[in-house]
Amino acid sequence: MRIRPGRFAVLALALLTASATLPATAANGQERQHSPSHPSSGGLSAVIRYTEYGIPHILAKNYTDLGFGTGWAQAADQVCTLADGFVTVRGERSRFFGPDAEPDGSLSSAAENLSSDLYFRGVRATGTVEKLLAEPAPRGPSRDSKDLMRGWAAGYNAWLAQHRITDPACRGASWVRPVTAVDVAARTFALAVLGGQGRAVDGITAARPPATPAARTAVAIPDAQSAARAAQKLFDTADMGSNAVAFSGATTANGRGLLLGNPHYPWQGGRRFWQSQQTIPGELNVAGGALLGSATVSIGHNARVAWSHTVATGVTLNLHQLTLDPADPTTYLVDGKPERMTRRTVTVEARGGPPVTRTQWWTRYGPVVTSLGAGLPLPWTSTTAYALNDPNAENLRAPDTALGFGRARGTDDVLTTLRRTQGLPWINTIAADSGGHSLFTQSQVLPRITDELAQRCSTALGKALYPSSGIAVLDGSRGDCAPGSDPDAVQPGIFGPAKMPVLKDAPYAENSNDSAWLANTDRPLTGYERVFGSIGSPLSTRARGAKTDVSAMAAKGELTVRDLQAQQFTNRATSGDLIADDTARACAALPGGTATGSDGRAVDVGEACGVLKAWDHSMKTGSRGALLFDRFWRRLTAVTAPAQLWKVPFSAADPVHTPNTLDTEAPGVATALADAVSELRAAGIALDATLGAHQVVVRGDRRIPVPGGTESLGVWNKVEPVWDAAAGGYTEVTTGSSYIQAVGWDGGRCPVARTLLTYSQSSNPNSPHFSDQTRLFSEGKWVTSRFCEKDILSSPGLRVIRVGEHR
């Protein structure tokens, strides 16, 4: 990396400031005292300035040192979660936790540790990650990215060597060990393949050729309708999604852009965000949220541009149906010529038992897979097998995409970065800049499955799956049925940048995990292939509410960051707007004020009618009736098909406002109401109780009320809480609003940014930053971003440490 003029002067000033203000202890209460002198022996080092809520501002002179400071600071906050993830990507979960235990799901879909280990040990045994690291840029990671990974590993290791772990989750654990740059890259690889191989780990590791003559039967094609339903559910983003909106200067008070990012990610485990600022004077200055184990900022802003991501509808995998040699089920035919599958024999150590050895089977298309989840079996018979193609298994470019965003000076640079690196596997990008530009693009790595290819090469199963879900099942016996290549693509077999849906400079560009079609309802995007997502299909309730809100905001105009903050915490339940009043009227019309529950018993629901009528249709912590409606709506939608709910069906001509008008005579409406009333009464919960009294997270001995609501309620501020009636309601959150940012510009040198990390910086219950931002989230409050030097140095809680490889 070349050093720009003036960089050393800036860095020297910061280091002098660090020495002058160095405290005895660092931000998380675990740091030992460090000498104010520079770390000795010429090792890696960085300066970390901690401001309010334990947010580190990491200052370094090059990318390796920046990675060092980032790895150090992440370890200080999240050492146990990080260490657990490294056990995963090393394929050692069975060794330390037992083969039958369940992983946290953050790095793959494996149901058991043994399956996870067999997959990741296979990745290690074949040197997959090392080969990707060796690829020259842009197909492989750049030197800057590799330096960051190397530095991150060194920083994590130095923290381990110099500190005593106080987090009870891994204190004294033998599985907390130093890591290598390959371990760090392996985490990046695991995240890249989450939507492909990572989604099919169990089906890959369980694949076995038919062992007996009895298996020599015709291919058992799964039932088309059930397979299509299972495929649609497979790519449902309800367990992890996001909202994001960029407003152009045409809608804002000062003609500059605005961005609100609201990703919905897990609240526990290895897919949490962690907040920081990374600075190399004269080279890089970026702030935001990084996924744990990552050396770069994933969602964030710099002085001129802000961006966020949403989980995209693009299908990141496809299947090839193999025609097998009748004499050998491990040999398949391509254009009439036999090709033998490649055996990958993997051995996993298992706690309490002997090592486990299994064989995986790989083809020119990818691994043989026998299922994509329980609902979509893919049987391997003596005549047919299925191979999974995942182009992201050749993609280690996401760090370079993130670095490009961090260096960007506007949305055009964001788009140029996406086109140059093609590093994002399963997400959209939404961005705004200080020049007043907005951007939406579904620039993700997808197999190059055109509608023409699917039409020409789909098998019978593919003809059922592709239209409904975008999963292509191609005829693997024909060489001309492999995904093609675009001349502008970074790697073979994927779409090039010219094919990606892009919307530039619209008054607003918004996505809530719906397809690219309606990023702006007045400027629909069409013409893309089905594998990217659908066109003219019903939106989710959350997407409908989001489009309604942001289009109204854009029409109002004169927007500021305060408007973004208000949108985040309106907590409006779109489903409530659609049906609560009709439900209250139908409730009041019930004879005798009673309804029959699913157990056949009559339930007095008279009180519920008034509670629903008085409800404000929001999921704020003080809302009365929100909990009752939530439990009613969950029960109703669980047993009633969407087509039976509405009097006015969906219309592609009015996708935001249809379907609508609840059919109160639909089967299940009165029953769901009776069951919800009975459920709350049995739990000792008043029907008009405030939401915050019974939707909480418990941190230490404190119950913290949580605003927001589940996917089907259509709340922008989405949370997926865990119901525990015996404990008094919802007592934890699995996924939901995570690293939130509202960013704009006022013409000065510093962006106007407000941020919030809902679950706080540290997973260590002994840290002062275990739940401090969670309390802010509960109260609808924000953190004022300290991006510029003057703001960092004026922090009333400023704590500065200089960290290095040597004490």
Side-chain angles (χ1 to χ4, degrees), residues 78 80-81 84-85 88 101-112 116 169 191 194-195 198-199 233-243 262-274 289 291-292 309-311 373 426-427 512-513 540-542 571 573 619 621 626-627 630-631 633-635 637-638 691-692 694-700 702-740 756-763 765 770-771 773-775 777-778:
Q78 295 284 349
C80 294
T81 305
D84 184 271
T88 297
E102 184 178 347
D104 69 5
S106 60
L107 296 175
S108 85
S109 65
E112 295 180 343
S116 173
L191 291 171
L194 268 179
R199 193 189 295 273
K233 187 176 181 180
L234 183 69
F235 286 87
D236 185 356
T237 59
D239 64 335
M240 192 176 77
S242 303
N243 306 301
N262 170 224
H264 305 148
Y265 274 58
W267 276 39
Q268 294 86 27
R271 226 182 298 158
R272 281 172 54 133
F273 285 103
W274 176 83
L291 289 177
L292 287 180
H309 298 299
T310 59
V311 177
W426 34 265
I427 48 180
S512 293
N513 308 123
S540 71
T541 309
R542 176 164 55 88
N571 288 306
M619 301 301 289
T621 56
L627 189 64
D630 170 85
R631 299 309 296 171
W633 185 239
R634 288 174 187 262
R635 288 180 172 273
T637 54
L691 180 67
H694 300 281
Q695 183 169 283
V696 303
V697 292
V698 179
R699 298 293 181 261
R702 183 169 181 173
R703 289 167 59 91
I704 302 174
V706 174
T710 187
E711 176 74 19
S712 64
L713 289 173
V715 186
W716 178 282
N717 185 29
K718 173 186 166 178
V719 293
E720 293 294 341
V722 179
W723 180 255
D724 185 349
Y730 293 116
T731 58
E732 189 50 83
V733 171
T734 57
T735 62
S737 295
S738 53
Y739 171 71
I740 310 168
L756 190 58
L757 188 63
T758 58
Y759 35 67
S760 305
Q761 279 283 86
S762 179
S763 58
F770 176 61
S771 61
Q773 290 197 62
T774 311
R775 295 191 293 274
F777 177 62
S778 174

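Any value given below was found using the heavy atoms of this structure, including those in side chains, with hydrogens, waters and symmetry copies removed. Source: prediction; values computed, not measured.
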K.L.:
Look at the side chain of Glu720 and the backbone N and O of Thr734, then say whether any donor-acceptor pair between them is shorter than 3.5 Å.
P.N.:
no
K.L.:
For residues Pro707 and Asn571, report the shortest heavy-atom separation together with the two atoms involved.
P.N.:
CB-ND2, 3.8 Å
K.L.:
Would you give the length of the straight line joining atom CG of Leu291 to atom CG of Leu107, rounded to the nearest 0.5 angstrom?
P.N.:
10.0 Å
K.L.:
Is any side-chain heavy atom of Ser771 closer than 4.5 Å to one of Ile704?
P.N.:
yes
K.L.:
Applying salt bridge (charged side-chain N to carboxylate O under 4.0 Å, His left out) to Arg699 and Glu732, what does each step give before you reach the verdict?
P.N.:
CA-CA 10 Å; Arg699 298 293 181 261; Glu732 189 50 83; 3.0 Å; yes
K.L.:
Can you check whether Tyr265 reaches Arg272 side chain to side chain, under 4.5 Å on heavy atoms?
P.N.:
no
K.L.:
Could you give the distance from CG (Leu691) to OH (Tyr730), rounded to the nearest 0.5 Å?
P.N.:
9.0 Å
K.L.:
Determine whether the side chains of Thr310 and Asn513 contain a donor N or O and an acceptor N or O closer than 3.5 Å.
P.N.:
no
K.L.:
Where do Pro263 and Ser738 come nearest, in terms of heavy atoms and distance?
P.N.:
O-OG, 2.8 Å
K.L.:
With a 4.5 Å heavy-atom cut-off, do Thr621 and Gln695 have their side chains touching?
P.N.:
no
K.L.:
How far apart are the closest heavy atoms of Trp716 and His264, and which atoms are they?
P.N.:
O-NE2, 3.4 Å
K.L.:
Return the CZ to CD distance between Arg542 and Glu711, rounded to the nearest 0.5 Å.
P.N.:
4.0 Å
K.L.:
Does atom CZ of Arg775 have more than 12 heavy-atom neighbours from other groups under 6.0 Å away?
P.N.:
yes
K.L.:
Closer than 3.5 angstrom, by distance alone: can the side chain of Arg271 be matched with the main-chain N or O of Ser106 as a donor-acceptor pair?
P.N.:
yes
K.L.:
About how many Å separate CG of Asp84 and CG of Leu292, when rounded to the nearest 0.5 Å?
P.N.:
11.0 Å
K.L.:
Hey, are the side chains of Gln268 and Thr81 touching, using non-hydrogen atoms and a 4.5 Å cut-off?
P.N.:
no
K.L.:
Does Ser712 offer a backbone N or O that forms a donor-acceptor pair with the side chain of Arg634 under 3.5 Å?
P.N.:
no
K.L.:
In Å, rounded to the nearest 0.5 Å, how long is the span from OG1 of Thr710 to NZ of Lys718?
P.N.:
6.5 Å
K.L.:
Quick one, Asn717 and Met619 - any side-chain contact, counting heavy atoms below 4.5 Å?
P.N.:
no
K.L.:
Does Tyr759 reach the main-chain N or O of Phe273 with its side chain, forming a donor-acceptor pair under 3.5 Å?
P.N.:
yes
K.L.:
Is the closest side-chain heavy-atom distance between Val697 and Thr731 below 4.5 Å?
P.N.:
no
K.L.:
For Phe777 and Val706, which heavy atoms make the closest approach, and how far apart are they?
P.N.:
CE2-CG1, 3.9 Å
K.L.:
Determine the minimum heavy-atom distance between Gly728 and His694, stating which atoms define it.
P.N.:
O-ND1, 2.7 Å
K.L.:
Tell me whether Ser512 contacts the main-chain N or O of Asn243 through its side chain, where contact means a donor paired with an acceptor under 3.5 Å.
P.N.:
no
K.L.:
Which heavy-atom pair separates Ser737 from Trp267 by the least distance, and what is that distance?
P.N.:
O-NE1, 3.0 Å
K.L.:
Evaluate the side-chain proximity of Ser242 to His309: yes if any heavy-atom separation is below 4.5 Å, no if none is.
P.N.:
no
K.L.:
Does a donor on one side chain and an acceptor on the other come within less than 3.5 Å for Gln78 and Ser763?
P.N.:
yes
K.L.:
For Thr774 and Ser760, test the side chains for any donor-to-acceptor distance below 3.5 angstrom and give the result as yes or no.
P.N.:
yes
